[in-house]
Amino acid sequence: MKKITTVILFLFIGTTYMIAHVADSVYLFSYVNPHNNGKNGLNLAWSSDQSSWQIIGNGYSFLKSDFGTWGAEKRMLTPYLLQDETGKWHCLFSMNEKVNAFADATSDDLFHWLPQDYHYVAEGSCLNPSVTYNAQQRKYTIYYQNNSGNFAVETADFKSFGTPRATNALKSDNPRVTMELPIGKVEGQLFKVSKGFVEYLRNCVDAALYRNSLNSETMASNAERFSRLKPLEATLTIQPEKAKSISNTLIGIFFEDINYSADGGLYAELIQNRDFEYNNKDRGEWNAKTAWELTGDAVWEIKEESPIHPNNAHYSVITTQKPGASLTNIGFDGINIRKGEKYDFSIFTKQLDGKGSLLIKLVNPANEIIAQAKIRCNKNWQKQSVVLNAKKSCDNARLVLTPQKKGSLAIDMVSLFPQNTFKNRKNGMRADLAQTLADLHPKFVRFPGGCVAHGNGLDNIYRWKNTIGKLESRKTTFNLWGYHQTMGLGYYEYFQFCEDIGAEPLPVLAAGVPCQNSSRGGYGQQDGIPMEEMDEYIQDILDLIEWANGSVNSTWGKKRAEAGHPEPFNLKYIGIGNEDLITKVFEERFEMIYKAIQKKYPEITVIGTVGPFYEGADYEEGWDFATRLGVPMVDEHYYVAPGWMVNHQNYYDQYNRKGPKVYLGEYAAHLPGRPNNVETALTEALYLASVERNADVVAMTSYAPLLAKEKHTQWNPDLIYFTNTEVKPTVGYYTQQMYGQNSGDFYLPSVLKLRNNDAQVNKQVAVSVVRDSKTNDLIVKMVNLLPVTVSTKLELPEEYSQITKTLLTGKPEDKKAHSTTEAVTLEDNTYVMPAYSFTVLRMKK
Ligand code: AHR
């Protein structure tokens with residue numbers, strides 16, 4: 001979006017070699033720190049005499065490897081820096097000891113880097129890259145080594161490469177040398193550059209470190225920072241004449257099956273591993289019998305011959321010599337049963353030796369029966385359903401299945417749902433959790449991920465067609481967060497839920513590439529769907545639009561109607577990609593998908609992706625690419641320290657109003673230890689005030705992640721925690737709710753004038769004023785991160801008789817605070833913002 005490099009800078013840096021011999025030149029040394037296994041990436045040091053070295057930024061990482069899965073695998077080994085004939089810097093490096101590729105990143109100034117490319121040129125590994133340049137032939141030769149020897153491969157442009165050939169020696173125009181740095185002897189490369197260039201690099205690093213220090217400001221230092229601060233006074237002047245139209249879909253939710261959000265969470269199914277499809281891809285120690293237990297004298301086998309559906313290949317067979325043995329399901333942390341409620345039980349059975357019957361019981365830990373029923377079983381697969389009436393409540397019940405006849409009984413798709421699901425839908429959602437989501441008043445729901453959408457490796461890309469139709473025909477798969485996806489909560493259920501809560505559906509589909517952090521399938525990342533399969537993949541996406549919006553006579557619209565929804569779902573948005581690396585592999589596939597959708601369904605708003613951060617290579621290239629292509633909206637993600645939010649309230653003020661719009665699809669304030677408390681919630685409220693001000697360019701936002709089952713979290717903080725019996729909204733939930741329930745479609749600029757000129761103080765207070773044209777209510781949101789009150793005189797454009805105040809306040813570390821709402825009158829039109837508070841004043845004329 002914002003290109004920082006100036007033309008002047010480019011010219012000056014482009015001449016680095018040319019000035020190498022002038023008097024003010026110094027030495028620059030590039031290296032990786034040998035003490036951290038390449039995880040800190042490229043470091044630079046400078047010296048005027050090659051003996052006394054200064055490390056720039058105390059080991060500041062100028063470039064980090066983006067290759068491999070999260071964390072430890074992202075390594076940079078033996079970087080080789082060169083300036084090509086256009087003056088552009090290349091950093092070639094090995095990513096690890098095994099992969100048959102080297103990485104190439106380019107930069108104009110060694111500080112700002114473009115996305116990395118990985119060139120799979122080698123047969124074996126690709127270590128110690130070095131380069132020579134033949135100016136006459138305008139060709140670079142890249143040398144590398146591995147167990148089979150030394151190799152050389154030619155390129156003119158670092159994009160296409162010749163065939164590697166064996167060679168005796170590894171040559172280099174600038175061989176690595178060893179220097180004595182303050183951290184010890186280190187191997188790297190030596191360059192002569194101008195002092196000005198080093199000065200520039202140091203300034204860039206200083207600025208970055210200063211920004212980092214601002215970003216790490218937290219309320220923990222408030223006692224010191226604001227020790228002399230007394231309660232403040234302020235005036236708020238609203239400027240209705242400057243009102244601008246803003247997005248009416250600003251606050252939504254992002255549902256991803258992470259932290260057991262779907263199976264064992266929002267999806268109301270109570271039986272775990274109902275289909276015996278768990279396996280060790282889900283989790284190393286899991287298998288088809290996980291969550292089930294055999295008691296009594298019987299043989300229990302998992303079989304695959306003649307399953308109920310090819311997508312549901314496994315089932316259980318229990319063989320007894322005399323009745324008495326049982327299979328017990330432990331549910332997800334037990335089964336929560338409420339007295340007086342009805343439960344829909346269903347099962348597929350096949351009595352392998354004629355006819356039989358099955359006793360179904362819900363029991364408590366004392367083995368007392370809570371509910372029971374009996375069904376008959378025949379020699380062919382047959383689905384049967386029965387309603388269980390709960391006579392007692394139990395948080396930790398189990399389901400016990402006892403064959404009533406000796407012989408062999410096959411069972412599959414053992415299911416138990418409360419009838420009391422959200423809106424009483426069959427195959428529905430947990431009512432309390434779904435209602436908590438509905439209470440946020442989200443304007444849209446993004447699903448099914450996140451990383452889940454693009455999956456861990458090509459075969460784990462989320463395919464929507466696998467998630468519709470009869471439950472037994474849905475194709476289950478592993479969840480990259482470490483468990484199993486039944487797909488019982490599938491596309492139909494997601495769309496139905498959106499309709500039930502009046503939110504726009506926003507499905508996100510992979511851009512033909514799996515998660516950039518994929519660990520399966522070699523190194524996974526950017527291992528795009530083969531080009532010859534892309535047409536089929538694109539057709540799947542077009543089919544989704546037909547399924548959602550097509551007439552009942554269309555192929556896919558008919559399937560929607562058969563599932564129970566003849567009316568179109570009126571899909572308007574579709575996300576393509578999720579914080580992918582913006583490489584050639586991504587761009588090729590995204591462009592194909594985007595153009596196909598645009599051609600067939602120009603009315604659909606396609607939302608692209610610009611990487612996982614608020615800046616950096618993928619962000620820059622993602623924005624440039626989306627702008628070039630004319631993508632209407634892009635999805636930004638950033639999980640940041642609260643200090644970042646406080647210090648970036650102008651982030652969107654500079655955004656180009658004519659380019660793609662923004663969907664801030666994932667964000668949250670992350671404090672050390674990752675709590676969700678008053679500090680994070682208020683900071684998010686403060687930042688959202690700046691987003692609302694920019695809601696002409698930011699069209700949508702969603703906090704992430706949304707749901708987390710206690711004891712099963714892979715990510716913290718989340719917005720709503722839950723157990724089988726309780727829903728626990730966090731403090732941050734109330735921030736979202738206060739924005740969601742008090743959205744407007746017109747933004748009224750306002751001026752908040754504090755009687756205090758300290759910038760440090762002023763940036764802790766924010767106001768956003770909107771009008772909701774449906775009700776004509778004026779909505780004033782006021783956030784105060786200071787430890788003192790701010791008494792604010794409101795200069796309102798009109799008289800308002802009814803004012804409702806919703807307030808969220810508490811100590812910064814408080815994790816239990818929640819909002820309260822009451823009618824108020826404002827004496828002398830003055831509202832006193834409590835210390836550490838977020839207030840919404842909703843005013844009716
Ligand atoms: O929200 C959790 C994860 O964060 C999402 O799956 C992914 O998009 C991001 O990295």
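What you are looking at is a predicted structure, and each value in this text was computed from that prediction instead of being measured. We use all heavy atoms of the structure for the numbers below, so side chains are in, but hydrogens, waters and symmetry mates are not. First listed ligand is number 1; within each ligand, the first listed atom is number 1.
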Practice task
Say whether I258, considering both its backbone and side-chain N or O atoms, lies within less than 3.5 Å of an N or O atom on ligand 1.
Solution key: no
Handout entry: Short N or O distance, W715 and ligand 1, threshold 3.5 Å exclusive
Key = no
Problem - Sub-6.0 Å ring centroid separation between F444 and Y573 - result: no
Practice task
For H712, check ring pair (Phe, Tyr, Trp, His ring centres under 6.0 Å) against everything at least two apart and list the hits.
Solution key: Y260
Practice task
Measure the acute angle between the ring planes of F111 and Y60, then classify it against the limits of 30° and 60° as parallel, tilted or perpendicular.
Solution key: parallel
Exercise for the section: Give the numbers and elements of all ligand 1 atoms closer than 4.0 Å to a heavy atom of Y639. Expected result: 1 (O), 2 (C), 4 (O)
Exercise for the section: Name the orientation class of the two ring planes belonging to Y655 and Y652 (parallel below 30°, tilted from 30 to 60°, perpendicular beyond 60°). Expected result: perpendicular
Exercise for the section: For N273 and T290, test the side chains for any donor-to-acceptor distance below 3.5 angstrom and give the result as yes or no. Expected result: no
Fill in the blank from the handout: E666 heavy atoms within 4.0 Å reach ligand 1 at atoms 1 (O), 3 (C), 4 (O), 5 (C), 7 (C), 8 (O), 9 (C)
Exercise for the section: Would you please determine whether W481 falls within less than 4.0 Å of ligand 1 on a heavy-atom basis? Expected result: yes
Handout entry: Residue of the set Y492, F497, F495 for which ring-ring contact (aromatic ring centres under 6.0 Å, His included) holds with F447
Key = F495
Practice task
Please state which part of V452 comes within less than 4.0 Å of ligand 1, counting heavy atoms only: side chain, backbone, both or neither.
Solution key: neither
Practice task
Over 60° means perpendicular and under 30° means parallel, so classify the ring planes of Y638 and Y687, tilted if in between.
Solution key: perpendicular
Fill in the blank from the handout: Counting from 1 in the order shown, the ligand 1 atoms closer than 4.0 Å to a non-hydrogen atom of P705 are 1 (O), 2 (C)
Problem - Contacting atoms of ligand 1, where contact means under 4.0 angstrom from a heavy atom of C451 - result: 5 (C), 6 (O), 7 (C), 8 (O)
Handout entry: Min heavy-atom dist P612 to ligand 1 below 4.0 Å
Key = no
